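Report on the following structure.
Letters go in sequence order (proteins before strands), and every chain restarts at 1. All values reported here derive from a predicted model rather than from experimental measurement.
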Amino acid sequence: MANIQIANVSKTYAGDIHAVKSVNIDIADGEFIVLVGPSGCGKSTLLRMIAGLETITSGTASIGGKIVNKVEPAERDIAMVFQNYALYPHMSVYANMAYGLKNRGTPKAEIDARVKEAVRMLELEPYLDRKPRALSGGQRQRVAMGRAIVRKPAAFLFDEPLSNLDAKLRVSMRGEIKQLQKRLGTTSLYVTHDQLEAMTLADRLVVLNRGEVEQIGTPLDVYHNPASTFVAGFIGSPAMNLVNVEITGQTIAFGDQTISVENRTLPQGKSTLGIRPEDLRLAQDGSGFAFHVDYIEELGAQRLVHGHASGTPLTVTLSSEVALPEDIRLSVLAEKLHFFSAETGKRITA
Amino acid sequence: MKKYIDHLILIIGVVFMMGPVVVAFMTSTHDAAEIHMQGLMTTWGGHFAETYDEVLFEKGGFTGQVTGLAMLKNSFILGIGFAVGKIVLSMLAAYGIVYFRFRMGVVFFWMIFTTLLLPLEVRILPSYMVMSKLHLIDTYSGLIVPLLASATGTFYFRQFFKSVPDELLEAARIDGAGPFKFFIDILVPLSRNMVAAIFVIMFVYGWNQYLWPMLMTTDESFFTLVRGIKQILLVWVGSQIPDYNQAFALAVLAMLPPILVVIIFQSWFIKGLTESDK
């Protein structure tokens, strides 16, 4: 077990492509960090640099206080779980798990003990002699996890390990990974593009965009205080509504409508207003602003109402109890409004 | 109805392909004089045991030193040496080309590939000269080594290695497998269907070599079956009738091992050339 430090790490490919731009992350021992971002944001590249599968152009990565820039992947004391599992197709489940230990010259008895333990933990006992091709996707994923566990590494690196599974399995495997990591207490770095996976798994989230860190924080912190319009739009489903507004005094103007807000100081002038779909309410007796319903997505307990207010598209989460007319009025919760700079997209803290 | 037509077509195909083989076998069971008078036979002649015994164990040839069995052995050495050598060499070459980034890797690949345009027949003189200077005439090494470089094999293995997912290499690297271990533990077992397929092709190719052994060996103890057949028919001296029966028997014997190899390896052969097990 170890902490991981990523200091000013950059990756530049030939042709001046900056995949990762001077990223700094301090990962504490035993922490579960999730790197999340859209495809092409550099999250996998960053993970692969820590694994040693890509060279680090500049900056340093250290595992357990030791700089590992020039260290071979096998000597970094890490284990990696790949998106397509990368199991050795010609080896049995047992051999797949034992291979890394065997290469390290671990005594046979110990290999056996460790594999048996991992197999019990992952409930793979009946499949020890099977080849990967005779396993289901979820089982293969577990074997890949087992291969990482038996090594007892300083850190686990996960590269979108659940992307190839169907939705239901993904949810249950997500839970298993979380539990396993809690039980083993191994520092983990997990890459995903799925913000829900990121929210549910992470002790802390690292939101990446175009090779740069947009925000680092606990899932709730990132959710409630997104640092930029990018984070606001990326974390949370359905995504936060972002509206260009102009503020004078306590009045927020957008399109030809205004919202009056009390009990809060507002940033004056042009800015981007962010409001989560669940923070919009049906307004009583003609207050609030006018909203035209375009279509409704029923989710069972709730419904997603898509529509627009003065030409601005908005999504609202409403209870599905009430019947909705086409034109309704909505109100906002003042303390739930987020403001971002119109120029930089960064959060404006009042 | 369609099923019967399908079967009819297949049966015609079988008869067409097998006919000459059956005729050769039947003819080989008659004695030479009978064949000389009546030509090819389609009936059982009754001299099976003695002809084949004579072909296999009796010393013959120009010097009277070489038996059919010895020729069979030579053919096997040539066929297996060929197949194994070509596979080892082309696998290593393909491994180098696919997994190691070295200067002009692509150039080297295409250089290997263009040797397809230079079959043995084109480079007989220089090849012979090299072997002769190295004093490898009349040796097994001289028979086998000059033909080992295989562009076809290298190309097949290159394509196969390229289709192996990169993650396997990465997983192996993290698991502490160096280049050698990765090759032996991962790539070679994954390639086994491919190896079997190429083994079949190369074995048959080596077994049927005629021109090169004829040039490289003058010592009859290096004769292969394919050359032996020709040798029997060469004794057309005076009123002596060539041992047609023996020639046919040798031909039948020469056919057997390649057929066996194909039959034994056929399921791997098809898998190796059509599907990939990844």
Quiz item: Looking only at heavy atoms, what is the nearest atom pair of His90(A) and Asp185(B), with distance?
Solution: NE2-O, 2.7 Å
Quiz item: Can you tell if the side chain of Arg173(B) reaches within under 4.5 Å of the side chain of Glu72(A), non-hydrogen atoms only?
Solution: yes
Quiz prompt | Pairwise distance CD(Glu167(B)) to CE(Met80(A)) - rounded to 0.5 angstrom | solution = 8.5 Å
Exercise. Report yes if the side chains of Asp175(B) and Tyr88(A) come closer than 4.5 Å at any heavy-atom pair, otherwise no.
Key: yes
Quiz item: Would you call Phe82(A) and Ile174(B) a side-chain contact if the rule is heavy atoms closer than 4.5 Å?
Solution: yes
Quiz item: Arg147(A) and Ala171(B): which non-hydrogen atoms are nearest, and at how many Å?
Solution: NH2-CB, 3.7 Å
Exercise. Answer with side chain, backbone, both or neither: which region of Ala79(A) has an atom nearer than 4.5 Å to a non-hydrogen atom of chain B?
Key: backbone
Quiz item: Counting heavy atoms not belonging to Phe102(B), are there more than 12 under 6.0 Å from its CZ?
Solution: yes
Self-check item: Within 6.0 Å of OH in Tyr85(A), more than 12 heavy atoms from elsewhere
Solution: yes
Practice problem: Taking atom CD of Glu123(A) as the centre, report whether more than 12 heavy atoms of other residues, nucleotides or ligands fall under 6.0 Å from it. | Solution: no
Quiz item: With a 4.5 angstrom heavy-atom cut-off, which part of Leu87(A) approaches chain B: side chain, backbone, both or neither?
Solution: backbone
Quiz item: For Lys178(A), does the NZ atom have more than 12 heavy-atom neighbours from other residues, nucleotides or ligands under 6.0 Å away?
Solution: yes
Quiz prompt | Shortest non-hydrogen contact from Ala86(A) toward Leu168(B) | solution = O-CD2, 3.7 Å
Quiz item: Does atom CZ of Phe100(B) have more than 12 heavy-atom neighbours from other groups under 6.0 Å away?
Solution: yes
Practice problem: Measure Arg48(A) against the heavy atoms of chain B and call it side chain, backbone, both or neither at under 4.5 Å. | Solution: side chain
Quiz prompt | Heavy-atom closest pair, residues Ala74(A) and Gly176(B) | solution = CB-CA, 3.4 Å
Quiz item: If you draw a 6.0 Å radius around CZ in Arg210(A), do more than 12 non-hydrogen atoms from other residues or ligands fall strictly inside?
Solution: no
Quiz item: Who among Ala144(A), Gly52(A), Gly100(A) has the most heavy-atom pairs with chain B under 4.5 Å?
Solution: Gly100(A)
Quiz item: Should the heavy atoms of other residues, nucleotides or ligands under 6.0 Å from CG of Asn69(A) be counted, would the total exceed 12?
Solution: yes
